[in-house]
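Below: the structure, in structure tokens.
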Amino acid sequence: MRLVFLGKPGSGKGTQSKFIEKEYSIPAISTGDLIRGAIKEDTPLGVEFKSYTSRGALVPDELVVAIVVERLGEEDCRDGFLLDGFPRTIPQAVALENILADQGLPLQSVLNLLVPDELLTERAHGRRFCGGCGASFHVKFAAPSVENTCDHCGLVGLHQREDDRADVVGARIEEYNTKTAPLIGFYAERDLLAEVDGVGSLVDVQNRIRGALVPASQD
Ligand code: AMP
């Protein structure tokens, strides 16, 4: 399956991507993760990325498109992929459409995970990550059994993403509303859009995703 996952910051897209990756045996490609990887390595590109991500702004289209093209060229994407956090602008969506058309492998479905704005800041602000194994937690909704300690690898000292601070989350939601929301119409026109209610338990949302992907899995 070739899928795109849309959803505002804090909608639970990252968590559900991991579920889709396992359930459908396709790699979940998160542009946010690729960008954070470059920032961590402190490459010149990483330094440039940080000047955008630290204030909740989108990274310029041509830079993100280049990293996605490279990633989609890897062997594990041959039988499908889930793009988590890409595209985020109309020019990115057009670039993706052209790249996939060249390969004769168009998208099969675009999931849009819907969560009301008033829940997003609390969800994003409370997220914590393990720097050892990458597991994610939430101080209120999915707290680790021992405070500040990873349930999976035992590492003490979970961290908050710099751009999950309340002030930056607001800027990210604003970027979504102005630059990413137009993609909903873009994909609806192409009859690819599947809207999924993202409010409820993890399992409820997983079941809704399964239901929304039935037509794509029969393609
Ligand atoms: P995410 O982990 O998807 O929330 O992304 C974290 C940050 O990385 C975003 O706030 C942007 O600054 C940047 N980013 C990720 N994906 C994209 C994209 N497709 N276009 C532009 N910037 C992106």
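One-based numbering, in listed order, for ligands and for the atoms of each. Heads up: numbering here begins at 1 and tracks the sequence.
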Electrostatic pair D164-R172, nearest N-O below 4.0 angstrom: yes

Mark yes or no for whether Q160, through its side chain, and R128, through its backbone, hold a donor-acceptor pair below 3.5 Å. no

Salt bridge check, D76 against R71: does any charged N sit closer than 4.0 Å to a carboxylate O? yes

Output, or 'none' if empty, a list of ligand 1-protein atom pairs in which both atoms are N or O and the distance is under 3.5 Å, rounded to 0.1 Å.
residue, atom, partner, partner atom, Å
ligand 1, 2 (O), R36, NH1, 2.9
ligand 1, 2 (O), R36, NH2, 3.0
ligand 1, 2 (O), R161, NH1, 3.2
ligand 1, 2 (O), R161, NH2, 3.2
ligand 1, 3 (O), R88, NH1, 3.1
ligand 1, 3 (O), R88, NH2, 3.1
ligand 1, 4 (O), R88, NH2, 3.2
ligand 1, 4 (O), R161, NH2, 3.1
ligand 1, 4 (O), R172, NH2, 3.0
ligand 1, 12 (O), A57, O, 2.7
ligand 1, 16 (N), T31, OG1, 2.8
ligand 1, 16 (N), G85, O, 3.4
ligand 1, 16 (N), R88, NH1, 2.9
ligand 1, 19 (N), G85, O, 2.9
ligand 1, 19 (N), Q92, OE1, 3.0
ligand 1, 20 (N), Q92, NE2, 2.9
ligand 1, 22 (N), V59, N, 3.0

Check ion pair R190-E97 (N to O, under 4.0 angstrom): yes

Pair D61, T89: side-chain N/O donor-acceptor within cut-off below 3.5 Å: yes

Distance (rounded to the nearest 0.5 Å) between F141 CZ and E122 CD: 4.0 Å

